[in-house]
There are 2 protein chains.
Amino acid sequence: MSTDRLGTGAGHANGDRASRAAVSTVQSVDRALDLLEALAGHGGEAGISELAAATGLPYGTIHRLLRTLLDRGYVRQESDRRYALGGALVRLGGMAERLVGVWAQPYLKKMVELSGETANMAVLEGDFIVYVAQAPSPRRLRMFAEVGRRVLPHSTAVGKVLLADRPDAEVASLVERTGMPRRTANTITELPAMLAELDRVRDRGYAMDLGEEELGVHCLAVGVRDGARTVAAMSVSGPAERIDALDREELAAGMRRIARDFGAELGGAL
Amino acid sequence: MSTDRLGTGAGHANGDRASRAAVSTVQSVDRALDLLEALAGHGGEAGISELAAATGLPYGTIHRLLRTLLDRGYVRQESDRRYALGGALVRLGGMAERLVGVWAQPYLKKMVELSGETANMAVLEGDFIVYVAQAPSPRRLRMFAEVGRRVLPHSTAVGKVLLADRPDAEVASLVERTGMPRRTANTITELPAMLAELDRVRDRGYAMDLGEEELGVHCLAVGVRDGARTVAAMSVSGPAERIDALDREELAAGMRRIARDFGAELGGAL
DNA sequence: TTCCTGTTTTCCACATGATGGAAAATCTCT
DNA sequence: AGAGATTTTCCATCATGTGGAAAACAGGAA
């Protein structure tokens, strides 16, 4: 019959959004996730037409997908027929957070004590950095929670720590896939400069971010090693002035000790 | 050609799980959600074969769906190739939690009107109670905002309400994990006493906290039921003298009514 | 009331995209 | 090294999801 077969389920349009590696993904699931994220982007509530504008999907399709999510409690319909994120997400989100955060929490707290600044933990998931846990600084001016946020590695201290664990060739191919978009005037946007920076990181045993992701925010990160691999990174971050006032070497030494303890406790998980 | 058309996208197998109204749901999205929930059911981690056993789906299908979720960070793959809930869920879960707090607001306000005291809503997240919403009392002397605070269940009224929904064995294992640290002279610190207390709670339909978390602070809490499960708890709390002056049974009856209305509005979400 | 406007929801023929069995590739123990 | 258990890939098949456009709805304005 149809002879124009070109690879069955694969090949997907997929197209529009950020074109990931996307080996073979299920379109409708992908779109359902787009909708959830679009809802989140609109403060958790939106009408179908807003979602259509945000995702570029046709009305009928959106409605059908939302119905499915609705049936399962992942989305809720308000009295004015608009849609909102549903309670089922609370359950899953809580579980996920606990999985990664619970173990790290006490160690992050120690880093907060050590530095007075907010401490974060992140992992490299695919080509992206994902923040998985945080212990907030007690200070009035502090970093806001960014657990769950995905960012590219090149502009963050945690990202550099995790990249530093990989051979240059791997870093190069990652960069080729993702690019190195400029986030601020300080962002490193060229591969050779990044490889040199990673060498420095390997050398010193810690990474800095001097306003490369966000102006005025400085970070210092160390790796969490589990045997041979660096499986996560922990950082402290805060206003440039306060971070710069600290003794980097001393802080890094303390953080490395904490991260080592955590890595030991992990013992093969993660 | 095919004459057995019975409504295009409709009709769906859908079958196995709880057969809801399910007018027309998207199969692959539904299955992806099954997988996430199966993962949650296995403590957040599972291999493909466990998931196959849990959901009855074929291996290839599971793998493809997980790949999609993996690509988006909703699932993560551990070093031993098993799958676990991913960090992206944390983000959505957090947003959803905040929204639930917003929906609860008018109901909490009603409780404040009813009692004159500060009203709180809390959920059980893992082994901890998390306060997700609050409506403050108009009085001069009142409880301070504690949204976001995490406490152990055994020393709070909301905690007891939520524990009372679980079988004794589950309560026992939770207590074994967390312990029952003494917060004040009134804290219940022994498991048998707690199980007896939970029986009283189930019996009366409300829980009290008589200075067990903080001396001089008394609370009365009721459950928010969503169908069969108690998914959240709402409480009023204030200075011991004022709380004790109220008619408990009458207050509890009023609060139960409000909580029931809220549970109805939630309607399957959460 | 009644008529608008901007929504959301339903419908349906079509072919695209998801499916699943079974084979290949891994990893993990003995 | 070999056997067993698990994960991953492949691809022909057709059931499944798609999206345009019409219908139903809500909420103001006249």
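Sequence lines set the chain letters: A, B, ... in the order given, protein chains first and strands last, and positions in each chain run from 1.
Here C:dT19 presents its C1' atom at 13 Å from CD1 of B:I62, a figure rounded to the nearest Å. Going from atom CG of B:L57 over to atom P of D:dT16 covers 13 Å, rounded to whole Å. Distance B:D30 CG to D:dG17 C1': 13 Å, rounded to the nearest Å. In this structure, the CG atom of B:L66 is 12 Å from the C1' atom of D:dT8, given to the nearest Å. The separation between A:L70 atom CG and C:dT8 atom P is 14 Å, rounded to whole Å. Regarding B:D34, its CG atom lies at a distance of 16 Å from the C1' atom of C:dT19, rounded to whole Å.
Side chain A:R64 to base D:dG19: a donor-acceptor pair is found below 3.5 Å.
Across A:A40 and B:M95, no two heavy atoms sit closer than the pair O-SD, 3.3 Å. Looking at every heavy atom in both residues, A:T230 comes nearest to A:G223 through CG2-CA, 3.9 Å.
Side-chain N/O atoms of A:S28 include none lying less than 4.0 angstrom from OP1 or OP2 on D:dG17. Phosphate contact (OP1/OP2 of C:dA18, side-chain N/O of A:Q27, threshold under 4.0 Å): present. Note on B:T61: every side-chain N or O is 4.0 Å or more away from OP1 and OP2 of C:dT19.
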Just the table, please: protein N/O against nucleotides 3-7 of chain D N/O, every pair under 3.5 Å.
residue, atom, partner, partner atom, Å
D:dT7, OP1, B:I48, N, 2.9
D:dT7, OP2, B:S49, N, 2.9
D:dT7, OP2, B:S49, OG, 2.9

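Evaluated for a side chain to side chain contact (heavy atoms under 4.5 Å, CB included) with B:V75, the options B:L35, B:L65, B:L36 yield exactly one hit, B:L36.
Annotation: side chain of B:L66 is in contact with side chain of B:L51 (closest heavy-atom distance under 4.5 Å).
Taken to the nearest 0.5 Å, the CD atom of B:E50 stands 11.5 Å off from the OG1 atom of B:T55.
Out of D:dG19, C:dT10, C:dT19, the shortest distance to the side chain of A:R31 is found at D:dG19.
For A:R166, the side-chain hydrogen bond (donor to acceptor under 3.5 Å, both in side chains) criterion is met by A:E170, not counting sequence neighbours. Every residue two or more places apart in sequence or in another chain that forms a side-chain hydrogen bond (donor to acceptor under 3.5 Å, both in side chains) with A:E78 is listed here: B:W103.
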